[in-house]
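Since the structure comes first, as structure tokens, the remarks are kept for the end.
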Amino acid sequence: MVLSTLTTVVVFLPLMLMNDDAQFAFYMSRMGTPVIVSIMASLLVALLFIPLAASRTKREEVGREPKSVAWMSQAYERAARWTMGHRLDAFLIALLLFVSIVYPQGKIKRTDQSGSNLNDVGVGFDMPSTFDYTQTCAIIAQVEKFMEGKRKAYGTRTMRAWYGRNGGSVQIFLYPERDAWWYLAYRKLRQVVGLPITGKMTREEIIADIQKTCPKFVGVTMRFWGGGGGGGGGGGGGSAAPSVSVFVYGDDTEVLADLSEEVERRLKVIPEVVSVDTDLERGDNEVQIRVDREQARKYGITPQVVARTISASLQGVNLPRFRAGDRDVDVRLSLQKSDRETLQQLKNFSFVSAEGQEIPLEAIASVTIHKGPGTIRREDGKTRLSVRAITTQDNLKGLFEKIDQAMDGFQMPRGYRWDKGERYVRIEQANQAQQFAIILAVVSVFLLMGSLFESFILPLSVLLSIPFSFLGVFWTLYLTDTPFDMMAMIGSVILIGVVVKNAIVLIDRINQLRQDGMDRIEAIVLGGRQRLRPIVMTTATTVFGWLPMAVGSGSMMGMSYAPMGRAMMGGMIVSTALTLLMVPLFYTFLDDLREVWRRAVVSLRAQRGGAAAEVLAPADDD
């Protein structure tokens with residue numbers, strides 16, 4: 001009992017203190033601390049108070065074994081004897097079962113968040129540069145009217161609209177799901193069998209409906225907001241749909257703009273992508289002045305002079321302070337506001353040539369209006385532009401694979417490159433953190449059992465129950481269409497300390513029976529029958545305790561507990577079913593290996609002893 005409890009504790013402690021992934025360690029500490037305290041308290045109660053209560057309420061007569069338990073015990077005995085009598089066949093079956101994990105592991109969805117904290121949908125609209133406030137207002141008003149008509153179907157709690165001259169947005173806030181866990185399970189079951197309950201749309205259904213039925217306007221681009229994004233034209237904020245980004249790096253912003261257009265075209269081919277935007281589209285219109293260097297050189301005017309003159313004329317320049325009596329007065333020189341209001345006035349800015357002539361700006365430069373980047377970011381000395389794809393897809397692993405396919409063959413100029421950004425890196429780091437956590441948890445459990453069992457054979461046979469738990473984890477997540485996110489990852493790690501409990505109880509009893517002189521096969525069969533009922537009861541109570549978490553809507557900091565509950569339930573059920581047969585099977589293999597090793601050591605010692613006796617024996621006299 002003590003060992004099976006400590007295996008759970010020893011899984012949490014190293015991951016809370018030794019993991020390099022700060023986010024993973026944070027979640028482990030928030031869940032691990034109360035779990036460790038509660039199971040240690042339960043151990044204290046089980047050792048002190050449960051025996052006391054049992055002594056006060058014990059019955060004089062032992063009740064008969066229920067028929068269901070008797071039937072289950074008989075069935076287990078037949079299965080155990082067949083397994084022990086056909087060890088090679090049983091091993092091949094176990095190997096095939098374990099290899100089958102490759103299929104769900106490759107098909108399962110992977111994401112870095114569950115998205116359960118998102119309860120808003122935002123739609124942005126980019127207007128043509130020729131639109132004024134009146135036209136933009138009219139378009140946003142029509143969209144508001146459309147959203148108002150869908151209030152009941154969408155489950156809209158409130159709505160917010162924003163617009164400017166170049167764009168606008170409408171954001172609807174949805175009522176959060178607060179249904180009981182059992183109703184959520186009932187609704188999911190109805191959906192699986194093809195009899196869904198009509199009611200509010202899901203966020204994905206709302207986005208699809210807006211795409212299909214929202215009014216369309218000529219020249220107006222509609223897009224959805226991504227995680228952490230903002231509304232059209234810079235208004236609003238929110239996170240209506242998951243998003244992934246492709247970043248392009250280089251020196252020339254114009255070249256990056258052309259490359260981002262090609263990236264945008266390729267990403268739109270992906271079916272799961274509902275809209276695509278770039279840093280350039282999120283910017284405002286700006287005046288761009290391109291100096292004709294050859295023409296400017298003819299007049300003896302340099303681009304530096306053009307830049308300084310325009311900056312001083314539009315922004316002003318500070319002059320030396322003017323002394324007025326006993327105080328200094330700040331002086332700033334700039335053009336009057338009336339002389340710097342139109343584009344034509346900018347084109348007429350004059351510059352003095354080397355011959356003393358006044359040359360207008362439009363004679364040495366082109367003045368145009370273009371939409372500039374919303375933000376200009378630099379990374380490692382390179383300018384970076386992002387192309388963001390908004391999607392309702394929660395399988396980020398599959399989405400990134402499709403991005404690789406879409407970008408296949410994309411030739412970039414020398415000195416330019418692209419990548420899938422920080423989110424892809426975070427997912428890769430999370431996978432590495434999971435692998436480290438699993439290895440650390442397994443090693444910790446093995447060392448604990450080795451020190452308490454004072455044996456390496458027994459802990460190895462117990463640890464073989466862990467791989468079969470992952471078989472249940474991945475198949476359960478795959479069959480329930482549940483993404484493998486941070487919570488599922490934590491659940492699979494916690495499962496390592498939980499599933500070994502049944503194996504510890506079973507192997508410990510088998511070992512006790514063998515120490516009493518019983519044959520190995522009979523000890524395995526009898527020990528399995530004696531431990532079958534408590535193992536099944538423990539598994540059943542644990543699984544049903546996880547049921548509300550697996551089908552409910554509970555969450556921690558916006559991350560749903562459901563993937564964790566489903567992963568742990570599936571892993572526990574499969575591991576228990578296979579532990580009762582596969583762990584004794586591998587126990588016999590390891591026991592045979594130990595016997596072979598013991599005989600080899602005895603034989604080696606005997607040979608060394610014989611050689612030493614020949615050396616010490618006196619020589620025969622002739």
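Between the OG1 atom in Thr156 and the CD1 atom in Ile172 there is a gap of 4.0 Å [rounded to 0.5 Å]. If you take CD1 on Ile301 and CD1 on Ile359, they are separated by 6.0 Å, rounding to the nearest 0.5 Å. The SG atom of Cys214 sits 12.5 Å away from atom CD1 of Ile207, with the distance rounded to the nearest 0.5 Å. For the atom pair CG (Asp252) and CG (Asp258), the distance works out to 9.0 Å, reported to the nearest 0.5 Å. Rounding to the nearest 0.5 angstrom, the gap separating the CD atom in Gln315 from the CD1 atom in Ile310 is 11.0 Å. In this structure, Leu174 CG and Thr158 OG1 are separated by 11.0 Å, a value rounded to the nearest 0.5 Å.
Between the side chains of Tyr154 and Asp209, at least one donor N or O sits under 3.5 Å from an acceptor N or O. With hydrogens and angles left out, the side-chain atoms of Asp419 and Tyr249 include a donor and acceptor closer than 3.5 Å. Side-chain contact of Arg566 with Thr480: a donor-acceptor pair under 3.5 Å is absent, judged by distance alone.
Between Phe349 and Val306 there is no side-chain heavy-atom pair separated by less than 4.5 Å. Contact check for Asp126 versus Arg223: side-chain heavy atoms found under the 4.5 Å cut-off. Residues Pro303 and Arg293 are in side-chain contact: their nearest non-hydrogen atoms beyond the backbone lie under 4.5 Å apart. The shortest distance between side-chain heavy atoms of Ile496 and Ser444 does not fall below 4.5 Å. Counting heavy atoms from C-beta outward, Phe470 and Ile438 have side chains that approach closer than 4.5 Å. When side chains are defined from C-beta on, Leu335 does not count as touching Gln345, because their heavy atoms never get closer than 4.5 Å. In this structure, Val317 and Arg308 have side chains that are not in contact, with every pair of non-hydrogen atoms separated by 4.5 Å or more. The side-chain heavy atoms of Phe224 and Ile210, taken from C-beta on, include a pair separated by under 4.5 Å.
Using a 4.0 Å cut-off between a side-chain N of Lys or Arg and a carboxylate O of Asp or Glu, Glu262 and Arg266 qualify as a salt bridge. Classification of Arg332 and Asp330 as a salt-bridged pair fails, no side-chain N sitting under 4.0 Å from a carboxylate O. Looking at Arg151 and Glu148, a side-chain N of the basic residue comes within less than 4.0 Å of a carboxylate O on the acidic one, giving a salt bridge. No salt bridge links Arg265 with Glu261; every basic N to acidic carboxylate O contact stays at or beyond 4.0 Å.
Taking all atoms of both residues into account, the shortest heavy-atom contact from Met222 to Gln211 is CE-CA, 4.1 Å. Leu495 and Ala567 get closest at one heavy-atom pair: CD2-O, 4.0 Å. Between Val263 and Val246 the shortest heavy-atom distance is CG1-CG1, 3.8 Å. Between Pro483 and Ala488, the closest heavy-atom pair is O-CB, 4.3 Å.
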Handout entry: Verdict with supporting geometry, Val473 and Leu477, side chain to side chain contact (heavy atoms under 4.5 Å, CB included)
Key = CA-CA 6 Å; Val473 168; Leu477 295 180; 4.1 Å; yes
Exercise for the section: For side chain to side chain contact (heavy atoms under 4.5 Å, CB included), just list the numbers for Val273 and Lys268, CA-CA rounded to whole Å, side-chain angles, deciding distance to a tenth of an Å, and then say yes or no. Expected result: CA-CA 6 Å; Val273 173; Lys268 286 182 178 178; 5.7 Å; no
Handout entry: Val248/Tyr416 under side chain to side chain contact (heavy atoms under 4.5 Å, CB included): CA gap, chis, key distance, verdict
Key = CA-CA 7 Å; Val248 289; Tyr416 292 80; over 6 Å; no
Handout entry: Stepwise side chain to side chain contact (heavy atoms under 4.5 Å, CB included) test for Glu272 and Lys402
Key = CA-CA 9 Å; Glu272 291 80 6; Lys402 292 184 179 180; 2.4 Å; yes
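Proximity of a side-chain donor or acceptor of Thr136 to a complementary backbone N or O of Tyr133 within less than 3.5 Å is not detected. With Gln142 contributing its side chain and Ile139 its backbone, the two residues share no donor-acceptor pair below 3.5 Å.
Ring centroid separation for the pair Phe484 and Phe474 comes in under the 6.0 Å cut-off. Taking the six-membered ring for Trp, Tyr163 and Phe125 have ring centres at least 6.0 Å apart.
The 12-atom threshold is exceeded at CD of Gln344, counting heavy atoms of other residues, nucleotides or ligands nearer than 6.0 Å.
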